[in-house]
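Notes for the one structure printed next.
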Amino acid sequence: MNAELVALAQSAGTTLVGLMATDAWERTRDGVVALWQRARPERADAVAAELSNTREDLAAYTDADTDTDTEGELAAEWQGRIRRLLTDQPQVAEELQRLLDELSPSTSPDAAASVTQHASATGQSRVYQAGRDLHITEP
C-alpha cells in the first residue's frame, strides 16, 4: 500500500477518535458514514454502529479514568478499517482528505482560538488566568 494512504489512514483514525468527545462528533460521524456509503454501501450501516460502539467505549473508559491506552487502541482499530477501505477503494482518498480538512480544529468554523498563558506567583500573591470569561468572588 502507498505510504501516503497509510499516513492518511493513520491521521483519519486518530482524528476520528479524537473528535468523538467533541461538539463536532455528529458532523464527523455523518461524514464518515457518507464516505462508506459511497465507497462500500453494504458496510455503511455496520460502520455507523461501530462508530457508536467506539464512542461508547471511549466514554466508558474516559469516565473510569483508569485506562490511558484506550484512545490509542480505538484509533488504531479505526486506522485499520480506514486503511482497508483505502486499499479496496483508493479513489476515496481524496474525499477522505477533504473530510479531514473540514473537521480539522484549525479550519473548523467552531474552532476556538489557541491561548497560551504563563504566570508565577510568589509570597502571598495570587494569579487568576482565563482563556475567556473569569468571575472572581472573594470575601
Side-chain angles (χ1 to χ4, degrees):
M1 179 177 203
N2 176 325
E4 288 180 23
L5 293 182
V6 171
L8 179 59
Q10 289 172 336
S11 175
T14 301
T15 300
L16 178 61
V17 173
L19 291 172
M20 286 184 171
T22 70
D23 292 338
W25 170 241
E26 288 183 25
R27 189 174 59 162
T28 303
R29 181 197 60 224
D30 293 348
V32 171
V33 171
L35 180 74
W36 246 274
Q37 183 65 42
R38 285 186 287 284
R40 308 251 342 253
E42 72 282 1
R43 289 271 305 133
D45 290 339
V47 166
E50 291 165 0
L51 284 167
S52 294
N53 291 339
T54 301
R55 187 170 190 230
E56 289 172 12
D57 289 347
L58 183 63
Y61 286 110
T62 301
D63 289 344
D65 198 29
T66 57
D67 188 354
T68 58
D69 295 331
T70 300
E71 188 171 343
E73 291 171 6
L74 295 172
E77 287 179 20
W78 279 99
Q79 289 168 6
R81 288 181 179 109
I82 294 167
R83 183 183 40 75
R84 286 187 295 279
L85 175 67
L86 293 173
T87 299
D88 292 344
Q89 305 279 331
Q91 69 276 12
V92 301
E94 188 175 313
E95 184 178 352
L96 177 59
Q97 186 61 61
R98 273 195 310 273
L99 176 63
L100 291 176
D101 291 344
E102 289 173 17
L103 297 172
S104 172
S106 62
T107 60
S108 169
D110 301 326
S114 175
V115 176
T116 302
Q117 300 178 343
H118 302 278
S120 59
T122 59
Q124 298 291 324
S125 62
R126 296 182 186 160
V127 174
Y128 299 96
Q129 293 183 309
R132 191 155 171 214
D133 298 339
L134 176 65
H135 302 280
I136 301 169
T137 307
E138 292 185 14

>> What I want to find out is whether Glu94 reaches Arg98 closely enough, with some N-O distance under 4.0 Å, to be called a salt bridge.
In response: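 Salt bridge present between Glu94 and Arg98.
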> Could you walk me through whether Leu100 and Leu8 pass the side-chain contact (heavy atoms from CB on, under 4.5 Å) check?
Replying inline: CA-CA 9 Å; Leu100 291 176; Leu8 179 59; 3.6 Å; yes
Kindly write out the residues that satisfy side-chain contact (heavy atoms from CB on, under 4.5 Å) with [X], not counting sequence neighbours, or none if the list is empty.
X	answer
Ser52	none
Glu56	Asn53
Ala7	none
Ala48	Val33

Can you find a heavy atom in the side chain of [X] that is under 4.5 Å from one in the side chain of [Y]?
X	Y	answer
Glu50	Arg43	yes
Thr28	Thr22	no
Val6	Gln10	yes

To the nearest 0.5 angstrom, please state how far the [atom1] atom of [X] sits from the [atom2] atom of [Y].
X	Y	atom1	atom2	value
Gln89	Arg84	CD	CZ	14.0 Å
Arg40	Leu35	CZ	CG	11.5 Å
Met20	Thr15	CE	OG1	11.5 Å
Leu19	Thr14	CG	OG1	10.5 Å
Thr54	Glu71	OG1	CD	12.0 Å

Heavy-atom closest pair, residues [X] and [Y]:
X	Y	value
Ala9	Gln79	O-CG, 3.4 Å
Leu99	Gly31	CD2-C, 3.6 Å
Leu5	Ala93	CD2-CB, 3.4 Å
Leu85	Ala39	CD1-CB, 3.8 Å
Val127	Ala121	CG2-CB, 3.5 Å

> Which salt bridge (charged side-chain N to carboxylate O under 4.0 Å, His left out) pairs, counting each pair once, include a residue from residues 29-38, with sequence neighbours left out?
Replying inline: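 Passing the test, one end in residues 29-38: Arg38-Glu95.
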>> Going by salt bridge (charged side-chain N to carboxylate O under 4.0 Å, His left out), name the residues that satisfy it together with Glu26, two or more places apart in sequence or in a different chain.
In response: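 Applying salt bridge (charged side-chain N to carboxylate O under 4.0 Å, His left out) to Glu26 gives none.
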>> Using the rule side chain to side chain contact (heavy atoms under 4.5 Å, CB included), only one of Ile82, Leu51, Val92 pairs with Trp36; which is it?
In response: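 Per the side chain to side chain contact (heavy atoms under 4.5 Å, CB included) rule, the option paired with Trp36 is Ile82, out of Ile82, Leu51, Val92.
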>> One pair to check against side-chain contact (heavy atoms from CB on, under 4.5 Å): Asp57 and Thr70. What are the steps and the verdict?
In response: CA-CA 8 Å; Asp57 289 347; Thr70 300; 5.6 Å; no
